[in-house]
Amino acid sequence: MAKIVVVTSGKGGVGKTTSSAAIGAGLARAGHRTAIVDFDVGLRNLDLIMGLERRVVYDFVNVINEEATLNQALIRDKRVDNLFILAASQTRDKDALTDDGVERVLTEMSKDFDYIVCDSPAGIERGALMAMYFADEAIVVTNPEVSSVRDSDRVLGILSSKTRRAANGQPKVREHLLLTRYSPARVQRGEMLSVEDVKEILAIDLLGVIPESQSVLTASNAGVPVILEEESDAGQAYQDAVARFLGEERPHRFVSNEKKGLFGRLFGS
Amino acid sequence: MSQARASNPVLEFKGRLMTLTILRLLDSSVEVLARELDRRVKEAPAFFRHLPVIIDVGEVASSDLHEDLPGLVELLRTRDLVPVAIRGGDARWAEAADAAGLSVYAAERDPVARRQAPVEDDAAPAAAAAPASTAEPVVERTGGLVVTQPVRSGQQIYARGGDLVLLAQVSPGAEVLADGHIHCYGTLNGRALAGVRGDTEARIFCQSFRADLVSIAGIYSISEQFDEALTGKPVSVSLHGDTLRIERL
(Lines give C-alpha, C1' and ligand atoms only; values in the text may rest on other atoms or scores of the structure.)
Protein backbone atom coordinates (compact mmCIF):
# COMPACT_ATOMS: atom_id res chain seq x y z
CA MET A 1 0.00 0.00 0.00
CA ALA A 2 1.40 3.34 -1.05
CA LYS A 3 1.52 6.31 1.23
CA ILE A 4 -0.36 9.21 -0.35
CA VAL A 5 1.33 12.56 0.19
CA VAL A 6 -0.35 15.81 -0.84
CA VAL A 7 1.74 18.89 -1.52
CA THR A 8 -0.58 21.82 -0.93
CA SER A 9 -0.65 25.48 0.13
CA GLY A 10 -3.83 27.37 -0.63
CA LYS A 11 -1.91 30.25 -2.14
CA GLY A 12 -0.51 30.08 -5.67
CA GLY A 13 3.07 30.63 -6.72
CA VAL A 14 4.65 29.48 -3.46
CA GLY A 15 6.49 26.49 -4.94
CA LYS A 16 4.10 23.54 -4.76
CA THR A 17 5.01 22.07 -8.11
CA THR A 18 8.75 22.69 -7.64
CA SER A 19 8.48 20.99 -4.24
CA SER A 20 6.40 18.09 -5.57
CA ALA A 21 9.00 17.44 -8.26
CA ALA A 22 11.92 17.73 -5.82
CA ILE A 23 10.38 15.59 -3.09
CA GLY A 24 9.09 12.99 -5.53
CA ALA A 25 12.55 12.73 -7.10
CA GLY A 26 14.15 12.61 -3.63
CA LEU A 27 11.91 9.77 -2.47
CA ALA A 28 12.61 7.83 -5.66
CA ARG A 29 16.36 8.34 -5.27
CA ALA A 30 16.10 6.97 -1.75
CA GLY A 31 14.90 3.75 -3.38
CA HIS A 32 11.14 4.15 -3.01
CA ARG A 33 8.94 3.55 -6.01
CA THR A 34 7.28 6.94 -6.39
CA ALA A 35 4.67 8.53 -8.64
CA ILE A 36 3.92 12.24 -8.84
CA VAL A 37 0.36 13.08 -9.89
CA ASP A 38 -0.50 16.53 -11.24
CA PHE A 39 -3.96 17.57 -9.97
CA ASP A 40 -3.78 20.99 -11.62
CA VAL A 41 -6.06 19.96 -14.48
CA GLY A 42 -6.28 22.73 -17.07
CA LEU A 43 -2.99 24.37 -16.08
CA ARG A 44 -0.55 21.49 -16.04
CA ASN A 45 3.07 22.35 -15.43
CA LEU A 46 4.54 19.49 -13.43
CA ASP A 47 5.57 17.86 -16.70
CA LEU A 48 7.32 21.08 -17.75
CA ILE A 49 9.26 21.34 -14.52
CA MET A 50 10.19 17.67 -14.86
CA GLY A 51 11.29 18.28 -18.45
CA LEU A 52 9.06 15.66 -20.01
CA GLU A 53 6.16 17.60 -21.52
CA ARG A 54 6.97 16.21 -24.95
CA ARG A 55 6.49 12.68 -23.69
CA VAL A 56 2.91 13.18 -22.45
CA VAL A 57 0.54 11.06 -24.54
CA TYR A 58 -2.17 10.16 -22.05
CA ASP A 59 -2.93 12.02 -18.86
CA PHE A 60 -4.68 11.67 -15.49
CA VAL A 61 -8.11 12.55 -16.93
CA ASN A 62 -7.74 9.91 -19.67
CA VAL A 63 -7.14 7.32 -16.97
CA ILE A 64 -10.10 8.56 -14.92
CA ASN A 65 -12.34 8.32 -18.00
CA GLU A 66 -10.89 4.88 -18.79
CA GLU A 67 -9.64 6.08 -22.17
CA ALA A 68 -6.16 4.86 -21.29
CA THR A 69 -4.67 2.43 -18.80
CA LEU A 70 -2.52 3.59 -15.94
CA ASN A 71 0.54 1.99 -17.51
CA GLN A 72 -0.02 3.89 -20.75
CA ALA A 73 -0.31 7.21 -18.93
CA LEU A 74 2.52 6.88 -16.40
CA ILE A 75 5.70 8.45 -17.71
CA ARG A 76 8.96 6.99 -16.47
CA ASP A 77 11.63 9.51 -15.58
CA LYS A 78 14.87 8.86 -17.44
CA ARG A 79 17.18 10.38 -14.82
CA VAL A 80 15.88 8.76 -11.65
CA ASP A 81 14.94 5.12 -11.28
CA ASN A 82 11.62 4.36 -9.58
CA LEU A 83 10.18 7.77 -10.54
CA PHE A 84 6.96 8.12 -12.54
CA ILE A 85 4.77 11.07 -13.50
CA LEU A 86 1.05 11.19 -14.17
CA ALA A 87 0.46 14.45 -16.02
CA ALA A 88 -2.63 16.65 -15.83
CA SER A 89 -4.78 17.38 -18.82
CA GLN A 90 -4.56 20.84 -20.28
CA THR A 91 -7.73 20.62 -22.29
CA ARG A 92 -10.09 19.79 -19.46
CA ASP A 93 -11.12 21.45 -16.22
CA LYS A 94 -11.23 20.32 -12.61
CA ASP A 95 -14.75 18.89 -12.93
CA ALA A 96 -13.12 16.01 -14.78
CA LEU A 97 -11.74 14.90 -11.40
CA THR A 98 -14.65 12.77 -10.20
CA ASP A 99 -14.59 11.37 -6.67
CA ASP A 100 -14.95 7.80 -7.87
CA GLY A 101 -12.46 8.26 -10.68
CA VAL A 102 -9.72 9.72 -8.52
CA GLU A 103 -10.25 7.10 -5.84
CA ARG A 104 -10.09 4.28 -8.38
CA VAL A 105 -6.87 5.56 -9.97
CA LEU A 106 -5.16 6.17 -6.61
CA THR A 107 -6.25 2.75 -5.33
CA GLU A 108 -4.83 1.10 -8.42
CA MET A 109 -1.57 3.03 -8.09
CA SER A 110 -1.34 2.16 -4.39
CA LYS A 111 -0.69 -1.46 -5.31
CA ASP A 112 2.47 -0.65 -7.28
CA PHE A 113 4.01 2.32 -5.54
CA ASP A 114 5.52 3.17 -2.17
CA TYR A 115 4.69 6.87 -2.40
CA ILE A 116 2.15 8.80 -4.43
CA VAL A 117 2.87 12.53 -4.36
CA CYS A 118 -0.20 14.60 -5.25
CA ASP A 119 0.68 18.04 -6.59
CA SER A 120 -2.29 20.19 -5.61
CA PRO A 121 -3.50 23.21 -7.55
CA ALA A 122 -3.78 26.53 -5.69
CA GLY A 123 -7.02 27.51 -4.03
CA ILE A 124 -9.45 25.48 -1.95
CA GLU A 125 -11.78 24.45 -4.75
CA ARG A 126 -12.44 21.08 -6.29
CA GLY A 127 -8.96 20.33 -7.65
CA ALA A 128 -7.29 21.12 -4.33
CA LEU A 129 -9.93 19.25 -2.31
CA MET A 130 -9.55 16.16 -4.50
CA ALA A 131 -5.75 16.28 -4.22
CA MET A 132 -5.91 16.26 -0.42
CA TYR A 133 -8.95 14.03 0.14
CA PHE A 134 -7.10 10.70 0.03
CA ALA A 135 -3.89 11.93 1.67
CA ASP A 136 -2.07 10.15 4.50
CA GLU A 137 0.49 12.92 4.85
CA ALA A 138 0.44 16.56 3.84
CA ILE A 139 3.32 18.85 3.01
CA VAL A 140 2.10 22.41 3.38
CA VAL A 141 4.25 24.73 1.30
CA THR A 142 4.39 28.24 2.72
CA ASN A 143 6.28 31.43 1.89
CA PRO A 144 7.38 33.56 4.82
CA GLU A 145 4.74 36.23 4.30
CA VAL A 146 1.43 36.91 5.99
CA SER A 147 -1.04 36.04 3.22
CA SER A 148 0.68 32.75 2.41
CA VAL A 149 0.75 31.76 6.08
CA ARG A 150 -2.93 32.62 6.46
CA ASP A 151 -3.87 30.52 3.44
CA SER A 152 -1.80 27.61 4.78
CA ASP A 153 -3.65 27.86 8.07
CA ARG A 154 -6.95 27.65 6.18
CA VAL A 155 -5.68 24.59 4.30
CA LEU A 156 -4.62 22.92 7.57
CA GLY A 157 -8.18 23.39 8.82
CA ILE A 158 -9.54 21.71 5.69
CA LEU A 159 -7.01 18.87 6.04
CA SER A 160 -8.28 18.15 9.53
CA SER A 161 -11.94 18.12 8.51
CA LYS A 162 -12.39 17.28 4.82
CA THR A 163 -10.18 14.30 4.09
CA ARG A 164 -10.93 10.60 3.87
CA ARG A 165 -9.16 10.09 7.19
CA ALA A 166 -11.38 12.69 8.85
CA ALA A 167 -14.51 11.23 7.25
CA ASN A 168 -13.63 7.69 8.40
CA GLY A 169 -12.55 8.79 11.86
CA GLN A 170 -9.01 7.47 11.24
CA PRO A 171 -5.90 9.10 12.75
CA LYS A 172 -5.46 12.55 11.29
CA VAL A 173 -3.38 13.40 8.24
CA ARG A 174 0.24 13.98 9.31
CA GLU A 175 1.12 17.60 8.58
CA HIS A 176 4.55 18.94 7.63
CA LEU A 177 5.57 22.53 7.06
CA LEU A 178 7.87 23.32 4.15
CA LEU A 179 8.98 26.93 4.17
CA THR A 180 10.11 28.00 0.71
CA ARG A 181 11.71 31.12 -0.81
CA TYR A 182 13.30 31.91 2.53
CA SER A 183 15.81 34.70 2.65
CA PRO A 184 17.61 35.09 6.01
CA ALA A 185 18.89 38.51 4.94
CA ARG A 186 15.38 39.79 4.30
CA VAL A 187 14.17 38.29 7.56
CA GLN A 188 16.93 40.22 9.33
CA ARG A 189 15.78 43.42 7.66
CA GLY A 190 12.23 42.71 8.86
CA GLU A 191 10.86 42.23 5.35
CA MET A 192 9.91 38.60 5.86
CA LEU A 193 8.45 36.49 8.64
CA SER A 194 11.05 34.35 10.39
CA VAL A 195 10.95 30.55 10.67
CA GLU A 196 9.95 30.99 14.30
CA ASP A 197 7.07 33.35 13.43
CA VAL A 198 5.66 30.93 10.89
CA LYS A 199 6.08 27.93 13.20
CA GLU A 200 4.27 29.76 15.96
CA ILE A 201 1.32 30.70 13.76
CA LEU A 202 0.88 27.31 12.09
CA ALA A 203 1.96 25.10 15.01
CA ILE A 204 3.05 22.10 12.92
CA ASP A 205 6.35 20.26 12.46
CA LEU A 206 8.94 21.93 10.27
CA LEU A 207 10.04 19.61 7.48
CA GLY A 208 12.47 22.00 5.87
CA VAL A 209 13.43 25.53 4.92
CA ILE A 210 14.27 26.07 1.25
CA PRO A 211 16.29 29.21 0.63
CA GLU A 212 15.33 31.72 -2.06
CA SER A 213 17.71 30.67 -4.79
CA GLN A 214 18.49 31.34 -8.40
CA SER A 215 19.10 27.63 -8.83
CA VAL A 216 15.36 26.90 -8.42
CA LEU A 217 14.47 29.05 -11.41
CA THR A 218 17.36 27.77 -13.49
CA ALA A 219 16.49 24.15 -12.73
CA SER A 220 12.79 24.71 -13.51
CA ASN A 221 13.57 26.30 -16.84
CA ALA A 222 15.92 23.45 -17.66
CA GLY A 223 13.27 20.88 -16.71
CA VAL A 224 15.35 19.35 -13.92
CA PRO A 225 13.99 18.75 -10.41
CA VAL A 226 16.13 21.09 -8.30
CA ILE A 227 16.96 18.29 -5.85
CA LEU A 228 19.19 16.80 -8.56
CA GLU A 229 21.35 19.95 -8.50
CA GLU A 230 23.65 18.56 -5.83
CA GLU A 231 25.72 21.72 -5.53
CA SER A 232 22.88 24.20 -5.10
CA ASP A 233 21.67 25.36 -1.68
CA ALA A 234 18.02 24.75 -2.59
CA GLY A 235 18.86 21.26 -3.86
CA GLN A 236 20.61 20.41 -0.60
CA ALA A 237 17.75 21.86 1.44
CA TYR A 238 15.29 19.59 -0.42
CA GLN A 239 17.60 16.59 0.19
CA ASP A 240 17.50 17.40 3.91
CA ALA A 241 13.72 17.73 3.80
CA VAL A 242 13.29 14.34 2.11
CA ALA A 243 15.65 12.72 4.64
CA ARG A 244 13.59 14.20 7.49
CA PHE A 245 10.40 13.05 5.81
CA LEU A 246 11.82 9.52 5.85
CA GLY A 247 12.54 9.81 9.56
CA GLU A 248 16.14 10.98 9.65
CA GLU A 249 17.16 13.80 12.02
CA ARG A 250 19.06 16.59 10.34
CA PRO A 251 19.79 20.12 11.55
CA HIS A 252 18.12 22.93 9.64
CA ARG A 253 20.50 24.75 7.32
CA PHE A 254 20.06 28.01 5.40
CA VAL A 255 17.98 29.59 8.18
CA SER A 256 20.45 32.15 9.45
CA ASN A 257 22.33 34.90 7.71
CA GLU A 258 25.93 33.75 8.16
CA LYS A 259 28.54 36.33 7.33
CA LYS A 260 31.01 34.96 4.85
CA GLY A 261 34.64 35.20 5.96
CA LEU A 262 37.38 36.42 3.70
CA PHE A 263 38.09 32.90 2.53
CA GLY A 264 34.43 32.28 1.78
CA ARG A 265 34.12 35.58 -0.05
CA LEU A 266 37.15 34.85 -2.18
CA PHE A 267 36.06 31.38 -3.11
CA GLY A 268 32.32 31.99 -3.05
CA SER A 269 31.48 28.85 -1.10
CA MET B 1 -27.61 -16.64 30.10
CA SER B 2 -31.16 -15.37 30.19
CA GLN B 3 -30.89 -14.99 33.93
CA ALA B 4 -27.78 -12.87 33.59
CA ARG B 5 -29.61 -10.70 31.14
CA ALA B 6 -32.49 -10.26 33.54
CA SER B 7 -30.17 -8.80 36.16
CA ASN B 8 -28.58 -6.47 33.58
CA PRO B 9 -31.37 -4.30 32.23
CA VAL B 10 -30.84 -3.45 28.56
CA LEU B 11 -32.64 -0.14 28.63
CA GLU B 12 -33.84 2.49 31.01
CA PHE B 13 -36.25 5.40 30.81
CA LYS B 14 -35.09 8.43 32.71
CA GLY B 15 -36.64 11.83 33.16
CA ARG B 16 -34.20 14.59 32.29
CA LEU B 17 -34.44 18.27 31.59
CA MET B 18 -32.62 18.95 28.36
CA THR B 19 -31.72 22.06 26.44
CA LEU B 20 -34.19 22.60 23.64
CA THR B 21 -34.65 25.52 21.33
CA ILE B 22 -38.14 26.76 20.56
CA LEU B 23 -38.75 28.00 17.04
CA ARG B 24 -41.71 30.38 17.15
CA LEU B 25 -43.45 30.78 13.84
CA LEU B 26 -44.72 34.35 13.41
CA ASP B 27 -45.69 34.16 9.75
CA SER B 28 -47.84 31.57 8.04
CA SER B 29 -46.06 31.65 4.67
CA VAL B 30 -43.64 28.79 4.15
CA GLU B 31 -41.69 30.87 1.62
CA VAL B 32 -41.21 33.77 4.04
CA LEU B 33 -40.18 31.37 6.81
CA ALA B 34 -37.74 29.58 4.52
CA ARG B 35 -36.07 32.82 3.49
CA GLU B 36 -35.69 34.09 7.04
CA LEU B 37 -34.46 30.70 8.21
CA ASP B 38 -31.80 30.67 5.48
CA ARG B 39 -30.64 34.10 6.58
CA ARG B 40 -30.34 33.01 10.20
CA VAL B 41 -28.64 29.71 9.40
CA LYS B 42 -26.13 31.47 7.16
CA GLU B 43 -25.08 33.72 10.05
CA ALA B 44 -24.07 30.83 12.27
CA PRO B 45 -24.17 27.48 10.49
CA ALA B 46 -22.37 25.65 13.29
CA PHE B 47 -24.94 26.86 15.79
CA PHE B 48 -27.84 25.36 13.91
CA ARG B 49 -26.27 22.08 12.85
CA HIS B 50 -28.30 19.18 14.29
CA LEU B 51 -30.07 21.58 16.65
CA PRO B 52 -33.19 19.95 18.08
CA VAL B 53 -36.14 22.36 17.92
CA ILE B 54 -39.73 22.51 19.08
CA ILE B 55 -41.90 24.38 16.63
CA ASP B 56 -44.18 26.81 18.49
CA VAL B 57 -47.23 27.33 16.30
CA GLY B 58 -49.22 29.43 18.79
CA GLU B 59 -49.09 32.57 16.66
CA VAL B 60 -50.09 30.85 13.45
CA ALA B 61 -52.51 28.31 14.94
CA SER B 62 -55.56 29.82 13.19
CA SER B 63 -53.93 29.71 9.74
CA ASP B 64 -53.94 26.59 7.61
CA LEU B 65 -50.15 26.27 7.75
CA HIS B 66 -50.71 22.90 9.42
CA GLU B 67 -51.45 21.50 5.97
CA ASP B 68 -47.88 22.39 5.07
CA LEU B 69 -46.37 20.90 8.22
CA PRO B 70 -44.62 18.02 6.39
CA GLY B 71 -43.11 20.59 4.03
CA LEU B 72 -42.02 22.73 6.95
CA VAL B 73 -40.42 19.76 8.69
CA GLU B 74 -38.55 18.90 5.50
CA LEU B 75 -37.45 22.53 5.21
CA LEU B 76 -35.93 22.39 8.68
CA ARG B 77 -34.30 19.01 8.12
CA THR B 78 -32.62 20.07 4.89
CA ARG B 79 -31.07 22.91 6.89
CA ASP B 80 -29.74 20.36 9.39
CA LEU B 81 -32.18 21.27 12.15
CA VAL B 82 -33.94 18.42 13.94
CA PRO B 83 -37.62 19.19 14.61
CA VAL B 84 -38.85 17.01 17.49
CA ALA B 85 -42.26 18.38 18.37
CA ILE B 86 -44.78 21.14 17.90
CA ARG B 87 -46.20 23.26 20.64
CA GLY B 88 -49.67 24.82 20.64
CA GLY B 89 -52.33 24.63 17.94
CA ASP B 90 -55.62 22.79 17.88
CA ALA B 91 -56.69 19.26 16.95
CA ARG B 92 -55.89 19.89 13.29
CA TRP B 93 -52.29 20.68 14.25
CA ALA B 94 -52.06 17.65 16.54
CA GLU B 95 -53.20 15.44 13.69
CA ALA B 96 -50.69 16.99 11.26
CA ALA B 97 -47.89 16.60 13.82
CA ASP B 98 -48.81 12.97 14.34
CA ALA B 99 -48.66 12.36 10.60
CA ALA B 100 -45.29 14.12 10.40
CA GLY B 101 -43.87 12.02 13.23
CA LEU B 102 -43.63 14.88 15.72
CA SER B 103 -44.86 14.89 19.28
CA VAL B 104 -47.14 17.60 20.61
CA TYR B 105 -46.65 19.92 23.59
CA ALA B 106 -49.46 21.98 25.04
CA ALA B 107 -49.43 25.71 24.34
CA GLU B 108 -47.29 27.85 26.58
CA ARG B 109 -49.13 29.21 29.56
CA ASP B 110 -46.49 31.35 31.19
CA PRO B 111 -47.61 34.96 30.63
CA VAL B 112 -44.10 36.35 31.23
CA ALA B 113 -42.66 34.33 28.43
CA ARG B 114 -45.58 35.30 26.24
CA ARG B 115 -44.65 38.92 26.49
CA GLN B 116 -41.13 38.34 25.21
CA ALA B 117 -40.74 40.02 21.87
CA PRO B 118 -39.42 38.04 18.94
CA VAL B 119 -35.66 38.15 19.20
CA GLU B 120 -34.11 40.54 16.69
CA ASP B 121 -30.61 40.51 18.04
CA ASP B 122 -28.41 39.24 15.21
CA ALA B 123 -25.65 38.19 17.53
CA ALA B 124 -27.95 35.69 19.25
CA PRO B 125 -29.82 34.16 16.37
CA ALA B 126 -31.46 31.39 18.34
CA ALA B 127 -32.06 33.20 21.59
CA ALA B 128 -35.71 32.35 21.07
CA ALA B 129 -35.10 29.36 23.32
CA ALA B 130 -37.70 28.94 26.02
CA PRO B 131 -37.28 31.26 28.98
CA ALA B 132 -37.12 29.59 32.36
CA SER B 133 -40.51 28.31 33.36
CA THR B 134 -41.40 25.59 35.78
CA ALA B 135 -43.89 23.91 33.48
CA GLU B 136 -41.54 23.48 30.52
CA PRO B 137 -38.12 22.03 29.74
CA VAL B 138 -35.75 24.90 30.35
CA VAL B 139 -32.50 26.00 28.85
CA GLU B 140 -29.75 24.84 31.11
CA ARG B 141 -26.03 24.43 30.78
CA THR B 142 -24.78 21.01 29.91
CA GLY B 143 -21.32 19.53 29.47
CA GLY B 144 -19.17 21.72 27.29
CA LEU B 145 -16.66 21.17 24.58
CA VAL B 146 -12.90 20.60 24.80
CA VAL B 147 -10.92 21.18 21.60
CA THR B 148 -7.34 19.89 21.54
CA GLN B 149 -6.44 20.82 17.95
CA PRO B 150 -5.76 24.37 16.73
CA VAL B 151 -8.84 26.15 15.39
CA ARG B 152 -7.71 27.23 11.92
CA SER B 153 -8.62 30.18 9.70
CA GLY B 154 -12.12 29.79 8.34
CA GLN B 155 -13.19 27.24 10.95
CA GLN B 156 -16.03 27.86 13.35
CA ILE B 157 -16.42 25.97 16.62
CA TYR B 158 -19.51 26.30 18.74
CA ALA B 159 -20.02 24.85 22.23
CA ARG B 160 -23.76 24.59 22.51
CA GLY B 161 -25.17 24.73 26.01
CA GLY B 162 -21.83 25.01 27.80
CA ASP B 163 -18.27 26.20 27.99
CA LEU B 164 -15.68 25.96 25.25
CA VAL B 165 -12.18 24.95 26.30
CA LEU B 166 -9.46 25.40 23.68
CA LEU B 167 -6.16 23.71 24.47
CA ALA B 168 -4.36 24.94 21.36
CA GLN B 169 -4.42 28.24 19.55
CA VAL B 170 -7.21 29.98 17.67
CA SER B 171 -5.88 31.26 14.33
CA PRO B 172 -6.61 34.60 12.70
CA GLY B 173 -9.83 34.31 10.73
CA ALA B 174 -11.27 31.56 12.94
CA GLU B 175 -14.39 31.96 15.06
CA VAL B 176 -15.14 30.33 18.41
CA LEU B 177 -18.53 30.53 20.09
CA ALA B 178 -20.03 29.22 23.32
CA ASP B 179 -23.23 29.50 25.29
CA GLY B 180 -21.03 29.65 28.38
CA HIS B 181 -17.44 30.77 28.95
CA ILE B 182 -14.57 30.46 26.51
CA HIS B 183 -11.17 29.39 27.83
CA CYS B 184 -8.21 29.48 25.47
CA TYR B 185 -4.85 28.12 26.61
CA GLY B 186 -3.06 28.97 23.37
CA THR B 187 -2.97 32.29 21.58
CA LEU B 188 -6.42 33.70 20.91
CA ASN B 189 -6.55 35.24 17.45
CA GLY B 190 -9.72 35.57 15.41
CA ARG B 191 -13.16 36.10 16.93
CA ALA B 192 -14.43 34.83 20.28
CA LEU B 193 -18.08 35.08 21.24
CA ALA B 194 -19.19 33.88 24.68
CA GLY B 195 -22.75 33.74 26.03
CA VAL B 196 -24.15 33.76 22.51
CA ARG B 197 -27.61 32.86 23.77
CA GLY B 198 -27.70 35.83 26.05
CA ASP B 199 -25.78 34.76 29.18
CA THR B 200 -24.38 38.09 30.39
CA GLU B 201 -22.34 36.29 33.08
CA ALA B 202 -20.27 34.44 30.49
CA ARG B 203 -16.59 35.35 30.19
CA ILE B 204 -13.66 34.85 27.89
CA PHE B 205 -10.27 33.84 29.29
CA CYS B 206 -7.09 33.47 27.31
CA GLN B 207 -3.34 33.04 27.81
CA SER B 208 -2.30 35.33 24.99
CA PHE B 209 -4.77 37.92 23.75
CA ARG B 210 -4.62 38.80 20.04
CA ALA B 211 -8.30 38.60 19.12
CA ASP B 212 -9.87 40.60 16.32
CA LEU B 213 -13.22 40.67 18.06
CA VAL B 214 -14.62 39.59 21.42
CA SER B 215 -18.30 39.46 22.33
CA ILE B 216 -20.36 38.54 25.36
CA ALA B 217 -24.11 38.13 25.06
CA GLY B 218 -24.09 40.07 21.81
CA ILE B 219 -22.13 43.07 23.15
CA TYR B 220 -18.94 43.19 21.14
CA SER B 221 -15.70 45.06 20.85
CA ILE B 222 -13.13 45.02 18.04
CA SER B 223 -9.35 45.09 18.11
CA GLU B 224 -9.14 48.81 17.29
CA GLN B 225 -10.79 49.48 20.63
CA PHE B 226 -8.48 47.25 22.65
CA ASP B 227 -5.76 48.63 24.87
CA GLU B 228 -2.52 47.82 23.06
CA ALA B 229 -0.80 47.04 26.34
CA LEU B 230 -2.97 43.92 26.58
CA THR B 231 -1.78 42.43 23.28
CA GLY B 232 -0.24 39.02 23.83
CA LYS B 233 -1.04 39.12 27.55
CA PRO B 234 -3.28 36.79 29.55
CA VAL B 235 -6.66 38.51 29.92
CA SER B 236 -10.23 37.97 30.99
CA VAL B 237 -13.18 39.58 29.23
CA SER B 238 -16.39 40.21 31.14
CA LEU B 239 -19.58 42.19 30.67
CA HIS B 240 -20.56 44.98 33.04
CA GLY B 241 -23.85 46.54 32.06
CA ASP B 242 -23.39 47.42 28.43
CA THR B 243 -19.60 47.55 28.44
CA LEU B 244 -17.03 44.87 27.96
CA ARG B 245 -14.20 44.95 30.44
CA ILE B 246 -10.91 43.44 29.28
CA GLU B 247 -8.55 42.94 32.19
CA ARG B 248 -5.08 41.56 32.64
CA LEU B 249 -5.15 38.25 34.48
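The chains referred to below are lettered A, B, ... by the order of the sequence lines, with proteins before strands, and numbering in each begins at 1.
- Contact of A/Ser152 with chain B is not made at all, since no heavy-atom distance falls under 4.5 Å.
- When the shell of 6.0 Å around CG of A/Asn168 is examined, it contains more than 12 heavy atoms from other residues, nucleotides or ligands.
- Side-chain atoms of B/Gln155 and A/Ser160, non-hydrogen and from C-beta on, do get closer than 4.5 Å to each other.
- Counting heavy-atom neighbours within 6.0 Å of A/Asp197 CG, excluding the residue itself, gives a total above 12.
- To the nearest 0.5 angstrom, A/Ile201 atom CD1 is 8.0 Å from B/Asn189 atom CG.
- For chain B, the nearby part of A/Ile204 is the side chain; its heavy atoms alone come within less than 4.5 Å.
- Remark: A/Glu248 CD is packed, more than 12 non-hydrogen atoms of other residues, nucleotides or ligands lying under 6.0 Å away.
- For NZ of B/Lys233, the number of neighbouring non-hydrogen atoms (other residues, nucleotides, ligands) closer than 6.0 Å is greater than 12.
- The shortest non-hydrogen separation linking B/Gln169 to A/Glu200 is OE1-O, 3.2 Å.
- Interatomic distance, OG of B/Ser171 versus CG of A/Leu202, reported as 7.5 Å (0.5 Å rounding).
- Checked by atom type and distance alone, the side chain of B/Arg152 never pairs as donor or acceptor with a backbone atom of A/Arg150 at under 3.5 Å.
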